Structures are given as structure tokens and as C-alpha cells.
A.B. asks: 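Have a look at this one before I ask anything.
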Amino acid sequence: MNKLCIVVGGSKGLGLSLVDQYRTEGYEVWDCSRSGKGAEHVYVDLSKRESAIDAIDRFFADKAKATYDEVLLIVNAATLTPIGPLSSSEPKTWWDHIDINLTMPISIFGRFQTHFNDASCKKVAAFVSSGAATGAKDGWSLYCATKAGVDHFLRTMALEQAPLKHPIECVSLNPGIMDTDMQAAIRQADESQFSQVERFRAFKTDGVLVSPSIVATNIFNALHKPFENGSTLNVGG
Ligand SMILES: NC(=O)c1ccc[n+]([C@@H]2O[C@H](COP(=O)([O-])OP(=O)(O)OC[C@H]3O[C@@H](n4cnc5c(N)ncnc54)[C@H](OP(=O)(O)O)[C@@H]3O)[C@@H](O)[C@H]2O)c1
């Protein structure tokens, strides 16, 4: 079997565990990020949307020339910055956040359709979402809004794809709480910026954060059995 897995944000945390998991399973795996390394890495800075979409476009066009039995796209990259009410940060930082977490995920899923709609193999477009997509948290307004936005985009994309001859299956993944750099950044927040910061610090000291490798295995298993098109799957530990 000739299987392709593309992880946007595969350089660390859950993304790196996904890269490892799918390589172990025999996939050709590519990471699109800023700090990834190796031959199967595409440099992409999602806060620079024009150069980022050009790089993604070239990469998708190249991969679409080959014939695969399965093509899986997982958009995992995200930022939490800036944390706090918007009165304490500048619009430029909001726009970077929105580009990384919303504009670019939607653009990447859009270009995935452009390049892979005609491919007749199994195709999956997956988005790593968050409980914050449905549960509002003070200090995380951009993150909550952007995660909810991409989830809803994928529900709509699922409807658009369903009647096509070779539809892409769409799914959001809620990974629960994992022991990664993103959690470390949350613990650094000031209580005036994020009222639940003590609770999140306790997640670490109480040992309840889950290893991203466990979540990556859960994702692999969840995507290799039937799931409802456009749904959100809980893949936490
Ligand atoms: N950790 C948790 O508890 C938790 C909970 C719920 C949901 N999630 C979600 O799970 C996913 C993975 O989170 P994580 O905890 O593994 O995060 P992480 O360790 O901070 O890794 C984030 C990934 O996103 C990439 N990324 C960030 N900014 C980017 C940019 N401007 N351009 C390109 N890539 C960028 C990073 O790559 P580079 O830095 O190399 O560019 C990295 O590969 C995220 O979608 C997050 O929202 C995490």
C-alpha cells in the first residue's frame, strides 16, 4: 500500500508524535512547519499567509501527481498567543493568531480539495481541535473562536464533499489535555490574563496530562475505523 500522511505542524508535541506514529505504520509522512527537519519537511510559517499558501500549493501539486491508496491531511498546528482579554494586546498579534489558527487551516483544506478532489483513493481531511471550540474560557477568546470556526468549516466541507464522486472524509479531533509545549506556555500565564491558570498548573503537578504519543495512537485507531463524516471525535487519553 502506498499511503501518504501530511501533518501541518508536525515538528513537536502531538504533531511530532503523529509523524512518528504514521511512519511506523508505513506511511510516507511529511511535516509542514517552521522548525521541522529532514527530507520530508516543508518550511511553512502560517503567520505569513501568502508565502505559506504558495509553499502548500506547490507541495500539494507535486504530491497530487503520484498515485496513492490513501491520502490523509492532518492540520495540527496552532497557537494560543496572545492569552488574555484583547484589551491587553495589539491587533497585529490577533491577526497572526487568526491566520495560524483559522485563515490558514481553512485555506489548506481548500487547496487540498483543489488538488485532491479527483484522486480516487481514500482521502481524509482531519483537524486537531480542542475542547475550547465548545467550552468558552476567559483569556482564550481568539483560540476558542478559531477552533470553533474551523470545526464548523469542516462540517460544511463534509456536506459539500459527500455528493462528489471521490469525496474527502472530514473530521475534527478533540485531543484532550496533553503534556506539550503548549501546556507549558499556558502555565506561564498570569492569573489576570487567564483565571484558570492554577487549575492548569495542577494538571502538570497532578500528572493528569496525557503523553502526545498516546493521543497519536488514538488518532490512528480512530481514523482507521468508520466515523461520521463532519463529526468531532474524542481522542484524548
Ligand atoms: N496540548 C494540549 O493540551 C492541547 C489541548 C487541546 C488541543 N490542543 C491542540 O493540539 C494541537 C497540537 O498542540 P500541541 O500541544 O502539540 O502544541 P505545540 O507543542 O505547541 O506544537 C504546535 C505545532 O504547531 C506548529 N506551529 C505553531 N505555529 C506555527 C506557525 N506560525 N507556522 C507553522 N507551524 C506552526 C508548531 O511548529 P513550529 O513551531 O515548528 O512552526 C508545532 O509543530 C494544537 O492544534 C492544539 O490547539 C492541544
Side-chain angles (χ1 to χ4, degrees), residues 6-21 29-38 41-56 59 73-83 92-93 95-105 107-109 126-135 137 140 142-151 154 171-189 194 196-197 199-204 206-216 218-219 232-237:
I6 302 163
V7 182
V8 178
S11 58
K12 57 191 177 193
L14 175 61
L16 181 58
S17 294
L18 285 166
V19 166
D20 291 342
Q21 174 80 38
V29 184
W30 287 78
D31 153 50
C32 305
S33 65
R34 294 167 301 178
S35 68
K37 292 185 175 59
H41 168 251
V42 178
Y43 178 86
V44 170
D45 181 349
L46 298 174
S47 70
K48 310 274 184 294
R49 59 186 177 196
E50 290 186 14
S51 57
I53 202 63
D54 285 349
I56 290 286
F59 172 60
L73 167 65
I74 306 176
V75 177
N76 168 74
T79 184
L80 255 169
T81 305
I83 293 177
K92 174 69 175 70
T93 62
W95 300 335
D96 280 352
H97 182 114
I98 293 166
D99 280 348
I100 295 165
N101 284 18
L102 179 74
T103 312
M104 286 308 300
S107 304
I108 292 167
F109 287 128
F127 173 64
V128 179
S129 185
S130 167
T134 50
K137 288 195 171 20
W140 291 17
L142 295 170
Y143 186 77
C144 292
T146 54
K147 289 292 188 188
V150 182
D151 279 357
L154 270 186
V171 66
S172 286
L173 305 163
N174 179 357
I177 48 172
M178 302 173 288
D179 199 359
T180 65
D181 288 358
M182 185 174 278
Q183 282 288 333
I186 295 168
R187 292 192 294 274
Q188 300 294 319
F194 177 42
Q196 292 190 40
V197 67
R199 185 168 159 248
F200 277 71
R201 287 177 187 146
F203 287 158
K204 178 69 173 173
D206 295 347
V208 298
L209 295 175
V210 175
S211 162
S213 62
I214 291 173
V215 177
N218 293 348
I219 289 174
T232 298
L233 305 177
N234 288 315
V235 291

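Whatever order the structure lists ligands and atoms in, that order sets their numbers, starting from 1. Note that the structure is a prediction, hence the values are computed from the model and not measured.
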A.B. asks: Please identify which atoms of ligand 1 are closer than 4.0 Å to at least one heavy atom of Gly9.
C.D. replies: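 This gives 25 (C), 43 (O) as the contact atoms.
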A.B. asks: Distance to 0.1 Å, residue and atom name: give those for the protein heavy atom nearest to atom 40 (O) of ligand 1.
C.D. replies: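 Its nearest protein heavy-atom neighbour is Ser35 OG, 2.5 Å.
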A.B. asks: Rounded to the nearest 0.5 Å, how far apart are CZ of Arg49 and CD1 of Ile100?
C.D. replies: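 So the CZ of Arg49 and the CD1 of Ile100 are separated by 12.0 Å.
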A.B. asks: In ligand 1, which numbered atoms sit nearer than 4.0 Å to a non-hydrogen atom of Ile100?
C.D. replies: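 With Ile100 as reference, the close atoms of ligand 1 come out as 31 (N).
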A.B. asks: Could you tell me the residue and atom name of the protein heavy atom closest to atom 38 (P) of ligand 1, and the distance to it rounded to 0.1 Å?
C.D. replies: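 The closest one turns out to be Ser11 OG, 3.4 Å.
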A.B. asks: Atom 11 (C) of ligand 1: which protein heavy atom is closest, and how many Å away?
C.D. replies: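 In this structure, atom 11 (C) of ligand 1 has Asn76 OD1, 3.1 Å as its nearest protein heavy atom.
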A.B. asks: Answer whether the closest heavy-atom distance between the side chains of Phe109 and Val8 falls below 4.5 Å.
C.D. replies: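 A side-chain contact is absent here, since even the closest heavy-atom pair is not under 4.5 Å.
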A.B. asks: Does Lys147 have a non-hydrogen atom less than 4.0 Å from ligand 1?
C.D. replies: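 Within the 4.0 Å threshold, so yes.
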A.B. asks: Considering only protein heavy atoms, which is closest to atom 35 (C) of ligand 1, and at what distance to one decimal place?
C.D. replies: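 For atom 35 (C) of ligand 1, the nearest protein heavy atom comes out as Ala77 CB, 3.9 Å.
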A.B. asks: As an exercise, identify every atom of ligand 1 less than 4.0 angstrom from a heavy atom of Ile177.
C.D. replies: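 Under 4.0 Å from Ile177, ligand 1 has these atoms: 3 (O).
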A.B. asks: So, are Lys92 and Asp96 salt-bridged, with charged N and O less than 4.0 Å apart?
C.D. replies: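 Judged by the 4.0 Å cut-off on N to carboxylate O distance, Lys92 and Asp96 do form a salt bridge.
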A.B. asks: Suppose we measure from atom 17 (O) of ligand 1 to each protein heavy atom; which comes out shortest, and what is that distance?
C.D. replies: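 Ranking protein heavy atoms by distance from atom 17 (O) of ligand 1, first comes Met182 CB, 3.7 Å.
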A.B. asks: Where is the tightest heavy-atom contact between Leu142 and Pro82, given as atom of each residue plus distance?
C.D. replies: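 In this case the closest contact between Leu142 and Pro82 is CD1-CD, 3.8 Å.
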A.B. asks: Which ligand 1 atoms are under 4.0 Å away from a heavy-atom of Asp181?
C.D. replies: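 Taking each heavy atom of Asp181 in turn, ligand 1 has 19 (O) under 4.0 Å.
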A.B. asks: Can you list the ligand 1 atoms lying under 4.0 Å from a non-hydrogen atom of Gly13?
C.D. replies: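 Listed by number with element, the hits are 16 (O), 19 (O).
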A.B. asks: Measuring only between side-chain heavy atoms, which start at C-beta, is Leu16 closer than 4.5 Å to Pro212?
C.D. replies: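 No, too far: nothing below the 4.5 Å cut-off.
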A.B. asks: Check Ala148 against Ala133 and note the closest heavy-atom contact, atom names and distance.
C.D. replies: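 Scanning both residues completely, I find the closest heavy atoms to be CB-O, 3.4 Å.
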A.B. asks: Look at atom 32 (N) of ligand 1 and say which protein heavy atom is nearest, naming residue and atom and giving the distance to 0.1 Å.
C.D. replies: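 Protein heavy atom with the smallest distance to atom 32 (N) of ligand 1: Leu46 N, 2.9 Å.
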A.B. asks: With heavy atoms under 4.0 Å as the rule, classify the contact between Ser129 and ligand 1 as side chain, backbone, both or neither.
C.D. replies: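 Near ligand 1, Ser129 shows its backbone, while the atoms from C-beta on stay back.
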A.B. asks: Taking the side chain from Asp45 and the backbone from Arg34, do they hold a donor-acceptor pair closer than 3.5 Å?
C.D. replies: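 Flag not set: sc Asp45 to bb Arg34 has no pair under 3.5 Å.
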A.B. asks: Does ligand 1 come near enough to Ser130 that some N or O of the ligand is less than 3.5 Å from an N or O of the residue?
C.D. replies: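 By distance alone, the answer is no.
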A.B. asks: Does only the side chain of Val44 get under 4.0 Å from ligand 1, or the backbone, or both, or neither? Count heavy atoms.
C.D. replies: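 The answer is the backbone.
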A.B. asks: Heavy atom of Gly176 under 4.0 Å from ligand 1?
C.D. replies: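 The answer is yes: ligand 1 sits under 4.0 Å from a heavy atom of Gly176.
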A.B. asks: Pick one: which of Thr134, Asn174, Asp151 meets side chain to side chain donor-acceptor pair (under 3.5 Å) with Ser129?
C.D. replies: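 When Thr134, Asn174, Asp151 are each tested with Ser129, the side chain to side chain donor-acceptor pair (under 3.5 Å) holds only for Asp151.
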A.B. asks: With heavy-atom distances below 4.5 Å as the criterion, would you say the side chains of Asn101 and Val150 are in contact?
C.D. replies: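 Asn101 does not reach Val150 side chain to side chain.
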A.B. asks: Taking N or O atoms only and a 3.5 Å limit, does Thr79 qualify as a polar contact for ligand 1?
C.D. replies: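 It does not: no N or O of Thr79 is found under 3.5 Å from an N or O of ligand 1.
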A.B. asks: Within ligand 1, which atoms have a heavy atom of Tyr143 less than 4.0 Å away?
C.D. replies: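 This gives 7 (C), 8 (N), 9 (C), 46 (C), 47 (O) as the contact atoms.
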A.B. asks: More than 12 non-hydrogen atoms from neighbouring residues, nucleotides or ligands closer than 6.0 Å to CZ on Arg187, yes or no?
C.D. replies: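 Yes, enclosed.
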A.B. asks: With heavy-atom distances below 4.5 Å as the criterion, would you say the side chains of Leu73 and Val75 are in contact?
C.D. replies: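 Yes; the side chains approach each other to less than 4.5 Å.
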A.B. asks: Of all the atoms in ligand 1, which lie at a distance below 4.0 Å from a heavy atom belonging to Leu14?
C.D. replies: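 So the answer, numbered in order with elements, is 16 (O).
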A.B. asks: With a cut-off of 4.0 Å, which atoms of ligand 1 are near a heavy atom of Asp45?
C.D. replies: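 What qualifies from ligand 1 is 30 (C), 31 (N), 32 (N).
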A.B. asks: Which of these, Val210, Val235, Val128, Val19, sits in a side-chain contact (heavy atoms from CB on, under 4.5 Å) with Leu14?
C.D. replies: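 The side-chain contact (heavy atoms from CB on, under 4.5 Å) with Leu14 is passed solely by Val128 among Val210, Val235, Val128, Val19.
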A.B. asks: Between Ala78, Ala184, Gly15, Ser33, which one has a non-hydrogen atom sitting closest to atom 22 (C) of ligand 1?
C.D. replies: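 Going through Ala78, Ala184, Gly15, Ser33 one by one, Ala78 has the nearest heavy atom to atom 22 (C) of ligand 1.
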A.B. asks: For side-chain contact (heavy atoms from CB on, under 4.5 Å), just list the numbers for Ile108 and Leu46, CA-CA rounded to whole Å, side-chain angles, deciding distance to a tenth of an Å, and then say yes or no.
C.D. replies: CA-CA 10 Å; Ile108 292 167; Leu46 298 174; 4.0 Å; yes
A.B. asks: Is the Trp30 ring parallel, tilted or perpendicular to the Phe59 ring (thresholds 30°, 60°)?
C.D. replies: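 The arrangement is tilted - the two ring planes meet at 30° to 60°.
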A.B. asks: Which residue supplies the protein heavy atom nearest to atom 41 (O) of ligand 1, what is that atom called, and how far is it?
C.D. replies: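 Protein heavy atom with the smallest distance to atom 41 (O) of ligand 1: Arg34 NE, 2.7 Å.
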A.B. asks: Got the closest protein heavy atom to atom 14 (P) of ligand 1, with its distance?
C.D. replies: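 Nearest neighbour among protein heavy atoms for atom 14 (P) of ligand 1, to 0.1 Å: Thr180 OG1, 3.6 Å.
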A.B. asks: So is there a nitrogen or oxygen of Gly36 less than 3.5 Å from a nitrogen or oxygen in ligand 1?
C.D. replies: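 Between Gly36 and ligand 1, no N or O pair is found under 3.5 Å apart.
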A.B. asks: Looking only at heavy atoms of Pro175, does any of them come nearer than 4.0 Å to an atom of ligand 1?
C.D. replies: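 So Pro175 counts as touching ligand 1.
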A.B. asks: Do Ile83 and Trp140 have side chains that approach each other closer than 4.5 Å (heavy atoms only, starting at C-beta)?
C.D. replies: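 When only atoms from C-beta onward are counted, Trp140 and Ile83 do touch, with a gap below 4.5 Å.
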